[in-house]
Amino acid sequence: MANILIIDDEKSIRKTLTEILSYEGYKVEEAADGVEGFKMFQGKQYDAVLCDIKMPKMDGLEFLEKAREVNPDVPIIMVSGHGNIDTAVDAVKKGAYDYISKPPDLNRLLITLRNAMDKTTLVTETKTLRRKVNKVPEMIGDSAPISKIKETIEKVAPTDARVLITGENGVGKELVARWLHERSNRASGPMVEVNCAAIPSELIESELFGHEKGSFTSAVKQRIGKFEQASGGTLFLDEIGDMSLSAQAKVLRALQEGKITRVGGDKEISVDVRVVAATNKDLLREVEDKNFRLDLYHRLSVILIHVAALNDRREDIPLLVDSFLDTVCAEYGIGRKAIDKDAMKALQNHNWSGNIRELRNVVERLVILSGKTITVEDVDDFVVPNREKKKVNS
C-alpha cells in the first residue's frame, strides 16, 4: 500500500483528499503546514507528497527545496488555488513532479498520482539493478588496519567531506573510494574515475574540465569533462600526485568555488561534486619538492585514509585467498580448488611487493596450473620467481 503525505493548511481540502485517496487504496497522512510536513517527511519514507503552495510558517516551494535535499526520489505534486503559469513553471524547475490547480480535477489528480507511483517504482528498480550490475566487491579482512578503514568509511561516507587515500600500488585504494561512494548519499549518482598518471599533462585539463569546439587543433567537437560528468556524484582522482601544476590550480578553483570553465570557453559552469583522491606518493614531500600545491593538499585531505600494505596485514591473507579462489574458479567454470595448510602458510610468508593485486594474480596462476588441491610444492614452483630461488640457494 503506497503511503501518501498531504500537506495543506485548509482542513477541508485535507479531509476531501484523504477520503478520496483512502477509497482508492492509498495510506494517507496529513500535515497542517510546511514545518509539520517537513518533520514528517524527514522521519518517514513516503511514496509521494501532495503539497499546497501558500501556507503559514513554511510555504510549499520552500518545503519542496528542503525535501529534495533529504530525498530527491520522492515525487512531490504541488497543489494551489493561487497559482498561475509562472508559479507552475517555478515549481517544476525546483523539482516538483507536477502542478495541479485548486479545486483539483479528481481524475487528473489520480492519474498524476499513479504516474508518480510508476516513477517511484522505476527509480527503485533502476537503483536495484544498478547495484546488482555495479556491485562493489567486499572489503575483505579482519586485521586492525582494515577494521579501522571500515569504521572510518561508515563515519565519513554520509558526509560530503573530501577524502585523500594513500598507500602503495595494489593495496586497494580504488576499492576504498568505491565504498565511500556506495555508502554516501550520492550513491544513486555517478562515480567517475580519472587516472591522472595515465593522461598526458597537455590533455589532463581537457579531460577534467572539458573543452569547446575549436579550442585547439584536435577539438573537432565540444567535450564534457569529468567534473561535469560526475555532478551529483563522486569524482575519484587516482594518482593525483602525478597531476601537472597548471591542472592542480584549476582543480583547486573548482573545489573552492564549485565552478569550472571548459578549455577554450569563458562560461562558468556550476558542478556539485564530491572529490575523493588517491596517491602512492608522499604529497608533503612533493610539496617540498615544488611538485604539488600545499593549498590543494589541504583542500583534498579533510579526511586521510591510509591503506596498509599486504605485508603489514598478513593475517588477512587466508580470507583473501579463499575469496579469490571462489571468484577465479567461478570465472573459469571449474570446481572450487582446495588449498592445504602448508601452501597457505607459504603464501602468508611470501613478500607481497605487489600487494593485493599480486596476490590475486598468484591465486589465478595457481588455479590454472595446480591440481585439485593447491600444495606447498605448487607455491614453490609457480609463485616464487626463479631469481628469488637463486638468491636463497646461493
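Count residues from 1 along the sequence.
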Q: Is any side-chain heavy atom of Ile6 closer than 4.5 Å to one of Val79?
A: no
Q: Just grab all the salt bridge (charged side-chain N to carboxylate O under 4.0 Å, His left out) pairs involving residues 299-320, residues at least two apart or on different chains.
A: Arg313-Asp316
Q: Work out which heavy atom in Ala116 is nearest to a heavy atom in Tyr97; give both atom names and the distance.
A: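 Between these two residues, the closest heavy atoms are N-OH, 3.6 Å.
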Q: Flag the pair Leu50 / Leu21 as yes when at least one side-chain heavy-atom distance between them is below 4.5 Å, and no otherwise.
A: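 Sidechains of Leu21 and Leu50: in contact.
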Q: Could I get the full list of ring pair (Phe, Tyr, Trp, His ring centres under 6.0 Å) partners for Phe236, not counting sequence neighbours?
A: none
Q: Please name all residues satisfying side chain to side chain donor-acceptor pair (under 3.5 Å) with Asn361, sequence neighbours left out, ordered by chain then number.
A: none
Q: Do the non-hydrogen side-chain atoms of Leu252 and Asp295 ever get within less than 4.5 Å of each other?
A: yes
Q: Using the rule that Ile, Leu, Val, Met, Phe, Trp and Tyr join whenever any side-chain heavy atoms are under 4.5 Å apart, tell me whether Val49 and Leu109 fall into a single cluster.
A: no
Q: Test of understanding: with salt bridge (charged side-chain N to carboxylate O under 4.0 Å, His left out), list the residues that count as partners of Asp322, not counting sequence neighbours.
A: Arg336
Q: Using the rule that Ile, Leu, Val, Met, Phe, Trp and Tyr join whenever any side-chain heavy atoms are under 4.5 Å apart, tell me whether Leu284 and Leu237 fall into a single cluster.
A: yes
Q: Side chains of Val192 and Val273: does their closest heavy-atom pair fall under 4.5 Å?
A: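 No, every pair of side-chain atoms sits at 4.5 Å or beyond.
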Q: Report the residues that fulfil ring pair (Phe, Tyr, Trp, His ring centres under 6.0 Å) with His211, sequence neighbours left out, ordered by chain and then residue number.
A: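 For His211 the ring pair (Phe, Tyr, Trp, His ring centres under 6.0 Å) partners, ignoring immediate neighbours, are Phe216.
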Q: Does Glu193 pair with Lys226 as a salt bridge, N-O distance under 4.0 Å?
A: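 No, Glu193 and Lys226 are not salt-bridged.
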Q: Do Val28 and Leu17 come close enough that some side-chain heavy atom pair is under 4.5 Å?
A: no
Q: Run Val275 and Val251 through side-chain contact (heavy atoms from CB on, under 4.5 Å) and show every step you take.
A: CA-CA 10 Å; Val275 172; Val251 168; 5.9 Å; no
Q: Could you tell me if Asn311 and Asn351 have a donor-acceptor pair between their side chains, going purely by distance under 3.5 Å?
A: yes
Q: Is any side-chain N of the basic residue among Lys150 and Glu154 closer than 4.0 Å to the acidic one's carboxylate O?
A: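 Here Lys150 does not pair with Glu154 in a salt bridge, since their nearest N and O are not under 4.0 Å apart.
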Q: Do Leu113 and Ile7 sit in the same hydrophobic cluster, where Ile, Leu, Val, Met, Phe, Trp and Tyr count as joined when their side-chain heavy atoms come under 4.5 Å apart?
A: no
Q: Please step through side-chain contact (heavy atoms from CB on, under 4.5 Å) for the pair Asn280 and Glu168, ending with a clear verdict.
A: CA-CA 5 Å; Asn280 62 353; Glu168 298 175 5; 5.7 Å; no
Q: Determine whether Ile13 and Asp52 satisfy the following criterion, side-chain contact (heavy atoms from CB on, under 4.5 Å), listing intermediate values before the conclusion.
A: CA-CA 10 Å; Ile13 294 289; Asp52 188 20; over 6 Å; no
Q: For the pair Asn355 (side chain) and Asn169 (backbone), establish whether a donor and an acceptor sit closer than 3.5 Å, ignoring hydrogens and angles.
A: yes
Q: I'd like to check the salt bridge (charged side-chain N to carboxylate O under 4.0 Å, His left out) partners of Arg68; sequence neighbours left out, ordered by chain and number.
A: none
Q: Rounded at 0.5 Å granularity, tell me how far CD in Glu364 sits from CG in Leu366.
A: 10.5 Å
Q: Please name the pair of heavy atoms, one in Met78 and one in Ala91, separated by the smallest distance, quoted to 0.1 Å.
A: CG-CB, 3.9 Å
Q: Output the distance between atom CG (Leu304) and atom OG1 (Thr166), rounded to the nearest 0.5 Å.
A: 6.5 Å
Q: Keeping Ser323 on the side-chain end and Leu319 on the backbone end, is there a donor-acceptor pair under 3.5 Å?
A: no
Q: In this structure, would Leu294 and Val302 fall into the same cluster of hydrophobic residues linked by side-chain contacts under 4.5 Å?
A: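 Each belongs to a different hydrophobic cluster.
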Q: Give a yes or no on this: more than 12 heavy atoms of other residues, nucleotides or ligands lie within 6.0 Å of atom CZ of Arg365.
A: yes
Q: Is there a side-chain contact between Ile374 and Val321 (heavy atoms, below 4.5 Å)?
A: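 Not touching, per the 4.5 Å side-chain cut-off.
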Q: For the side chain of Arg223 and the backbone of Glu207, is there at least one donor-acceptor N/O pair under 3.5 Å apart?
A: no
Q: For Arg162, enumerate each residue passing the side chain to side chain donor-acceptor pair (under 3.5 Å) test, keeping only those at least two apart in sequence or located in another chain.
A: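 In terms of side chain to side chain donor-acceptor pair (under 3.5 Å), with neighbours along the sequence ignored, Arg162 is linked to no residue.
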Q: State, to 0.1 Å, how close Ala346 and Val379 come at their nearest heavy-atom pair, and which atoms those are.
A: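 Where Ala346 meets Val379 most closely, the heavy atoms are CB-CG1, 3.9 Å.
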Q: Is any side-chain heavy atom of Leu5 closer than 4.5 Å to one of Val74?
A: no
Q: Going by atom types only, do Glu286 and Tyr297 share a side-chain donor-acceptor pair under 3.5 Å?
A: no
Q: Is there a donor-acceptor pair closer than 3.5 Å between any side-chain N or O of Gln248 and the backbone N or O of Arg293?
A: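 Looks like yes, one N/O pair under 3.5 Å.
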Q: If the threshold is 4.0 Å, N to carboxylate O, is there a salt bridge linking Lys337 and Asp378?
A: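 Salt bridge flag = no for Asp378 with Lys337.
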Q: I'd like to know whether CG of Asn349 has more than 12 heavy-atom contacts from other residues, nucleotides or ligands below 6.0 angstrom.
A: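 Atom CG in Asn349 is packed in, count exceeds 12.
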Q: Check Arg186 with Asp160, please: is the shortest side-chain N to carboxylate O separation under 4.0 Å?
A: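 Judged by the 4.0 Å cut-off on N to carboxylate O distance, Asp160 and Arg186 do form a salt bridge.
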Q: Report the residues that fulfil ring pair (Phe, Tyr, Trp, His ring centres under 6.0 Å) with Trp352, sequence neighbours left out, ordered by chain and then residue number.
A: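 Residues passing ring pair (Phe, Tyr, Trp, His ring centres under 6.0 Å) with Trp352: His350.
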Q: Can we say Glu228 and Lys267 salt-bridge, meaning some charged N sits less than 4.0 Å from an Asp/Glu carboxylate O?
A: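 No, this pair does not count.
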Q: Could you give the distance from CG (Leu208) to CE (Met243), rounded to the nearest 0.5 Å?
A: 5.0 Å
Q: Side-chain polar contacts of residues 36-45 - donor-acceptor pairs under 3.5 angstrom, sequence neighbours left out - could you list them?
A:
unit_1, atom_1, unit_2, atom_2, d
Glu36, OE1, Ala32, N, 3.0
Lys44, NZ, Glu29, OE2, 2.3
Gln45, OE1, Asn71, ND2, 3.4

Q: Working to the nearest 0.5 Å, report the span between OG1 of Thr112 and CG of Asp98.
A: 4.5 Å
Q: Which residues pass the side chain to side chain donor-acceptor pair (under 3.5 Å) test with Ser301, sequence neighbours left out?
A: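 Checked Ser301 against side chain to side chain donor-acceptor pair (under 3.5 Å); zero matches.
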Q: Below 4.5 Å, heavy atoms only, C-beta onward: do Gln229 and Pro190 meet side chain to side chain?
A: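 No, side chains not in contact.
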Q: Could you pull out all residues at least two apart from Lys250 that satisfy side chain to side chain donor-acceptor pair (under 3.5 Å)?
A: Glu205
Q: Hydrophobic cluster membership, with links at side-chain heavy-atom distances under 4.5 Å among I/L/V/M/F/W/Y: are Val156 and Leu164 in one?
A: no
Q: Given Val163 and Val176, is the side-chain contact (heavy atoms from CB on, under 4.5 Å) satisfied, shown in steps?
A: CA-CA 10 Å; Val163 181; Val176 174; over 6 Å; no
Q: So, taking the atom named CD1 in Ile269 and the one named CZ in Phe209, what distance separates them when rounded to the nearest 0.5 Å?
A: 11.5 Å
Q: Show me the side-chain donor-acceptor pairs of residues 57-64 shorter than 3.5 Å, one per line, residues at least two apart or across chains.
A:
unit_1, atom_1, unit_2, atom_2, d
Asp59, OD1, Leu61, N, 3.2
Asp59, OD1, Glu62, N, 2.8

Q: What heavy-atom pair brings Glu30 and Thr18 nearest, and what distance separates the two atoms?
A: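 What the structure gives for the nearest pair is OE2-OG1, 2.7 Å.
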Q: Output the distance between atom CD1 (Ile149) and atom OG (Ser143), rounded to the nearest 0.5 Å.
A: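 Answer for the CD1-OG pair, Ile149 versus Ser143, is 8.0 Å.
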Q: Determine, for Glu174 against Arg178, whether the closest basic-nitrogen to carboxylate-oxygen distance falls under 4.0 angstrom.
A: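 Here Glu174 pairs with Arg178 in a salt bridge, since their nearest N and O are under 4.0 Å apart.
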